[in-house]
Amino acid sequence: MIYENFNMKEHNFVGHLAEPDNGSDKAVLVIMGGEQSVLPGIKIAERFADYGFIGLAVSLFGAEGLPDSPDRCPLEMFESAIDYLRKQKHTQHISTYGMSMGSVFAVLIAVYVGGIENVVMVSPTHVPFEGTTNEKKHMSMSGHSVATWHGQDIPFVTADFTKVKVSRYQKHPAAAHKVMGMWSAYYDAYQDKDREQKAMLPIEHTNARILLIAGGADEAWPAEYSVHAIQKHLERKNYSHDVKTVVHPNVSHLTGMMPNKEREKKLYRLMPLIGIMYKSFGKHKKDCMDALVKSESEIINWLNWE
């Protein structure tokens with residue numbers, strides 16, 4: 001496997017590439033979150049490389065030249081990443097893979113930069129959110145969008161975290177399972193229907209095939225709600241490209257592509273600890289582990305479509 005690293009000063013984006021030894025004319029932009037994410041994007045990029053794709057994980061924040069938190073992350077950096085793939089790697093087919101907050105950028109890249117064949121959204125949201133500042137003790141809102149295009153905020157929805165403890169579990173009338181405080185804050189934000197509608201991700205302008213994957217017992221935010229919102233939105237717009245929705249019952253926020261099990265044996269030995277944070281994962285471990293395998297198969301089959 002061939003590796004390359006990128007920085008803002010030299011390349012106008014921060015990223016980590018994993019390429020099959022024999023190269024490929026297919027690439028996947030992986031958007032997971034920040035440079036120091038708990039699940040590093042490069043590990044997912046490597047997994048795509050296992051299947052014959054060039055995987056390029058692009059960081060949104062947390063590195064020199066980037067915001068220090070998920071706030072006003074510039075979409076322009078993806079222009080440079082795509083330009084590199086096309087000109088230096090001679091890539092003919094580019095897809096985006098966004099997990100959780102990364103799902104916002106998986107869509108926006110296709111809309112604002114263009115040239116994306118497939119958009120894969122895992123544990124997604126259907127709207128961008130207000131950015132958060134780098135406060136250690138609590139989440140502080142920036143007053144701006146999590147994403148910008150040429151310095152202009154992408155329309156967003158504000159979640160009120162002052163009324164909840166973000167990681168504390170609680171019951172919510174809209175959920176059949178216990179959820180985190182942040183789940184409640186996001187769900188409550190959707191009740192401002194006018195703002196929700198104005199901030200809806202313009203997925204109909206991606207001109208891409210759309211794959212949506214969520215867990216039916218997501219603890220972090222209402223991913224299943226977002227999946228259905230996106231599906232209904234595309235139906236209203238008479239979207240002409242392929243759309244597929246997969247919702248795994250009992251499955252947590254953590255789903256989709258995972259690192260290679262043979263290379264990352266230490267990480268997989270720690271998997272039981274995930275259940276401490278993600279309660280659905282701990283309660284329904286078999287369902288969640290099965291969903292990881294099924295999701296990976298769904299994603300690779302979707303990307304290999306011709």
Side-chain angles (χ1 to χ4, degrees), residues 30-33 37-39 44 70 97-107 119-129 132 139 146 157 159-161 163-191 196 199-201 203 210-233 243-258 271-296 298-299:
V30 176
I31 313 102
M32 302 288 290
S37 293
V38 175
L39 183 59
I44 308 305
Y97 172 89
M99 194 270 179
S100 193
M101 181 177 62
S103 63
V104 168
F105 292 85
V107 172
V119 173
V120 179
M121 303 172 71
V122 177
S123 301
T125 173
H126 60 295
V127 292
F129 286 99
T132 56
M139 295 177 74
V146 71
V157 164
D160 185 358
F161 294 105
K163 298 178 180 178
V164 299
K165 291 193 175 181
V166 174
S167 59
R168 177 175 290 180
Y169 277 83
Q170 60 189 54
K171 292 182 178 180
H172 192 283
H177 57 288
K178 282 190 176 182
V179 297
M180 294 180 184
M182 62 187 292
W183 191 105
S184 299
Y186 287 125
Y187 183 85
D188 293 347
Y190 302 152
Q191 306 319 303
E196 180 191 33
M200 173 68 75
L201 286 168
I203 304 178
I210 310 295
L211 176 60
L212 303 161
I213 297 177
D218 193 312
E219 319 91 324
W221 66 17
E224 183 177 6
Y225 175 101
S226 291
V227 162
H228 295 315
I230 291 168
Q231 189 176 35
K232 290 176 183 176
H233 176 76
V243 178
K244 185 172 183 178
T245 296
V246 181
V247 176
H248 296 290
N250 299 326
V251 169
S252 81
H253 188 71
L254 185 65
T255 191
M257 299 290 289
M258 286 291 116
M271 287 292 268
L273 298 179
I274 294 171
I276 296 174
M277 179 175 181
Y278 293 120
K279 300 294 187 184
S280 294
F281 195 99
K283 185 177 181 180
H284 304 286
K285 183 181 177 182
K286 185 179 186 305
D287 289 338
C288 290
M289 294 299 289
D290 287 347
L292 292 177
V293 175
K294 292 175 183 176
S295 294
E296 182 172 286
E298 287 277 2
I299 291 163

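Nothing here was measured: the structure is a model prediction, and the numbers come from that model. Basis for what follows: all heavy atoms, side chains included, without hydrogens, waters or symmetry-related copies.
Here the closest non-hydrogen pair linking Met180 and Val166 is CB-O, 3.4 Å. Residues Ser123 and Thr255 approach most closely at OG-CG2, 3.7 Å, considering heavy atoms. What you find for Val120 and Ala106 is that their closest heavy atoms are O-CB, 4.2 Å. A pairwise comparison of heavy atoms in Ile213 and Ser295 identifies CG2-OG, 3.7 Å as the closest pair. Shortest non-hydrogen contact noted between Ile203 and Ile230 is CD1-CG2, 3.4 Å. The shortest heavy-atom contact between Gly181 and Val164 is O-CG2, 3.5 Å.
Ser226 is not listed as a side-chain neighbour of Trp221, based on a closest heavy-atom distance of 4.5 Å or more. Residues Val104 and Phe129 have side chains not in contact (no heavy-atom distance under 4.5 Å, counting atoms from C-beta outward). In this structure, the side chains of Tyr186 and Thr125 stay at 4.5 Å or more apart for every pair of heavy atoms. By the 4.5 Å heavy-atom criterion applied to side chains, Asp188 and Asp160 are not counted as neighbours.
Considering CH2 of Trp183 and CD of Glu219, their distance stands at 11.5 Å, rounded to 0.5 Å. Annotation: the span from Glu196 atom CD to His126 atom NE2 amounts to 3.5 Å, rounded to 0.5 Å. Distance check: Glu224 CD to Leu212 CG gives 12.0 Å after rounding to the nearest 0.5 Å. Going from atom CG of Asp218 over to atom CG of Leu254 covers 10.0 Å, rounded to the nearest 0.5 Å. From Met258, atom CE reaches atom CD of Glu296 across 9.5 Å, with rounding to the nearest 0.5 Å. Atom NE2 of residue His248 and atom CD of residue Glu298 lie 6.5 Å apart, to the nearest 0.5 angstrom.
Ring-centre distance between Tyr169 and Tyr278: not below the 6.0 Å cut-off. Aromatic rings of Phe281 and His253 (six-membered ring for Trp) have centroids beyond the 6.0 Å cut-off, not under it.
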Residues Val179, Ser184; criterion side-chain contact (heavy atoms from CB on, under 4.5 Å); working and verdict: CA-CA 7 Å; Val179 297; Ser184 299; 4.0 Å; yes

Step-by-step side-chain contact (heavy atoms from CB on, under 4.5 Å) determination, Val251 to Lys294: CA-CA 12 Å; Val251 169; Lys294 292 175 183 176; over 6 Å; no

